[in-house]
Amino acid sequence: MSNKVESLTECSHCHQPFKGKTYSDNLGHEFCCFGCKVVFELVEGESESLLIPDLDSATYAYLDSPDIKAKLLIFQNGNTEKINIHLPQIHCSSCIFLLENLFEVHQGVLQVTVHFSRKRAEILYDAEKIPLSQLAALLKHIGYPPNFEEQRDENEKANKKSQSKLLFQLGVAGFFFGNTMLLALPEYLQSTILYDRGLLYFFRYLMLAFSFPVLIYSAREYFTNSIASLKAGVLSIDLPISIGIIALFAQSSYEVLSGIGPGYFDSLCGLVFFLLVGKWYQQKTYENFSFDKDYKSFLPLAATLLINKDESIIAIENLKKGDFIIVRKGELIPCDGFLISDESLIDYSYITGESQAVSKEKKEQIYAGGKIESSSAIIEVSSRSTQSYLSSLWSKDIFKKEKKKSKTFTDKISQYFTPAIFVLAITGAVAWYFIDPQKSISVFISVLIVACPCALALAEPFTSGSFMRWFGRFGFYLKDAQVLQKLSQINDVIFDKTGTLTEQSTVKLKWTGKAIEDEDLNKIYHAAQQTQHPLARSLQSYIQDQNQKEIKIHAFQESPGQGIYFEVGDDQFKLGKASFMGEEKVFNGTAVFVSKNDYVLGYFSFYHQMRKELPEVIADLETKFKLNVLSGDTDQERAQLESIFGKNTALHFEQEPADKLEFIENHQKSGDSCLMIGDGLNDAGALKQSDVGISLCEENVNYFPACDALLKAESFKNLPSFLNLSLKSKKIVHRAFALSLAYNILGLTFALGGFLSPLVSALLMPISSISVILFTTFSAQYLSLKELSRKAKIS
Amino acid sequence: MSAIYILIIISFLVALGFLIAFLWSIKSGQYDDDYSPSVRMLMEDQIKTTKGSKKP
């Protein structure tokens, strides 16, 4: 499968381009998913695909054990059970259609509700008619293999709660802002409209009443945050905002209660409303990716325990040293151990990013997280899954502490801003004391009101919010706004090699040795067909392009872990390791040697295809950053990398995960800001340690280590643009700050001059906020489109 | 002129009703998933299978 030539196909139903596995019908239509196929058939007439054969649910048998079930189900009442499953393959409207109509396919399913953006489905089913294992098998059959490993995430819940709270506060603030504005309007037209005194007071008291929910509920966080920051000895931007809000409220209440004027209630509500809009805009999250995961989400839930040839299901926490477990084809190894059965092929791509399976022999040590590619393997557990090599990558101290938050530009400014305002307010008050003592206090208050840095506080959220949205549209997903800011400070870029610089799916072959005849190649092709070894499969797809003729192979023999022997006519061939031919190992890397009649003709070497856009990306980055490559492999590809990276890049080979982490730590100690780009779990430590850890992923977006940002492989070419844009985002924030400071200075001249009226405040405040919002969002859009769509056109 | 006092209070109460409706809709999760409902409403109530099984 992995060697199949992958090209983009268009789905006959939803017209989305897609890669990889297709569902086709007899008429030559190709579909991106089972759902599309079913819907297409239904539109044409009737669907045959909906007749589901009896499914083999053995691989999911562990799901029926009560222990496991208790962890997964969200509700159980008699036979009626409810589960919330992550189905990573959900991607189009037909998927929703098919899943929500699953009860038509199987009677046992009662109700399905799909949550599209989270790629989850809530399924209510009758466990007597369809046990959980059957349900999982059914979902897999229709193309949505469930992912049980990543179950309910506590973070997700907390996040959702805070998000809906913000929406609540925003709703309340917006509602009272609108009403207060309407009530305040007659005041500004007072001179032109004949005005009833009673009505005037009625309106003013209503406004006073309306401001309470805004002050107490919606603006609450600003007060609590500024108290918290004061306790920590920091002057955050929340402090001048809170002071402004309190000053507004105090002055307005005084004016209304003493009957002097209408107060600034509309400004107060508007201010809080705009601030909350900024907060909400920045809170763009990508729900379907969880950026913080630990090793548990990569391991299966249960293993098949073997005691005296009896199989039983056991939760992986209960595995002990010395237990024997069976891991079947396609399953993940839950813990470290020794292979008891014969040779096995293990795919460690989740761990190392290397997609080529490795073969392990009897008694060899194997690690958790690998996927068994050959028929089932028996493993003797050597350590519990919590102590496996994989989990040790997580147990490093680095995962226990949160990444330190860097100070935002807003924070830096506000350190000077707050004292400056107080100085201004006091000098203003003192100066007025000598001119007109009665106005002294009102000038003091109006300076605090007008200096409230609403527009200032909006500049950064709106800039980063818009850039995050644009990055997301081009396949680069940031965890939060902090990441964007840190990206702009990077001066050191560190690449993992396998899977990051190289393509994850394709392996290239090169023939070294004597010229090999097409006829012999053809023989090798047919011999390779008879073995399941992954190298043989790569070999096949390499030769396939040449010629194919039917050939009789006889005396075929496979020596596990060594190679194959076969005869064609009178010629004897050997394919495999150098030692299998009785040769010295002359090649430093993966190679398959070929011998004919005991004479070694040469060898096929396997190497990774570098991403084709790599030279372009490197040439671009080279001029701006220090580049480093950390590879876990041997230096087999050194020459190739050097030709791309040039002499200035440090290439490090044979790096263990811990080495990578240390490498970054050392660079940070010397004052560098590091960007690490990796893909496998072996990079997890390094990604966490770096200032910004980007994980690169191909279509399968389920398996990526904890990171700050996710970059789709097809957007790798845009990496320089993203880094460039993050720098530009900083400039935009600076300009937006200048703009809002200009408004502040304008307002301050009014305040210090003693002319600040509710009307001026009511006009100035929204104008400054809205112009900052428009400026930041439009410049972000303009720059992103200019930078990114230009690249898209070229490639 | 005094009618306006009553009218303003009534209009405020009506608006308050909409605010509560909005908060309710947040709470019931209407803003959680903004894609599936748009597809869900286009679905047919029944789909035909070749079994010809007609549901009541």
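The model shown is predicted, which means the values in this text are computed figures rather than measured ones. Quick note on labels: first sequence line is chain A, next is B, and so on, each numbered from 1.
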**Message:** Between B:Y5 and A:L199 (side chain of the first, backbone of the second, donor and acceptor by atom type, cut-off under 3.5 Å), is there such a pair?
**Reply:** yes
**Request:** Name the region of A:L206, side chain, backbone, both or neither, that has any atom closer than 4.5 Å to a heavy atom of chain B.
**Result:** side chain
**Message:** Report which part of B:I8 has an atom under 4.5 Å of a heavy atom belonging to chain A: side chain, backbone, both, or neither.
**Reply:** side chain
**CD1-NZ distance between B:I26 and A:K165, expressed to the nearest 0.5 angstrom** = 13.0 Å
**Ring centres under 6.0 angstrom apart (A:F175, B:F18)** = no
**Message:** Within this structure, what is the CZ-CZ distance for the pair B:F22 and A:F168, rounded to the nearest 0.5 Å?
**Reply:** 9.0 Å
**Request:** For the pair B:S36 (side chain) and A:H115 (backbone), establish whether a donor and an acceptor sit closer than 3.5 Å, ignoring hydrogens and angles.
**Result:** no
**Message:** If you apply the rule side chain to side chain contact (heavy atoms under 4.5 Å, CB included), what do you find for B:Y35 with A:S93, and how did you get there?
**Reply:** CA-CA 9 Å; B:Y35 183 73; A:S93 55; 3.6 Å; yes
**Contacting moiety of B:I9, where chain A heavy atoms sit under 4.5 Å** = side chain
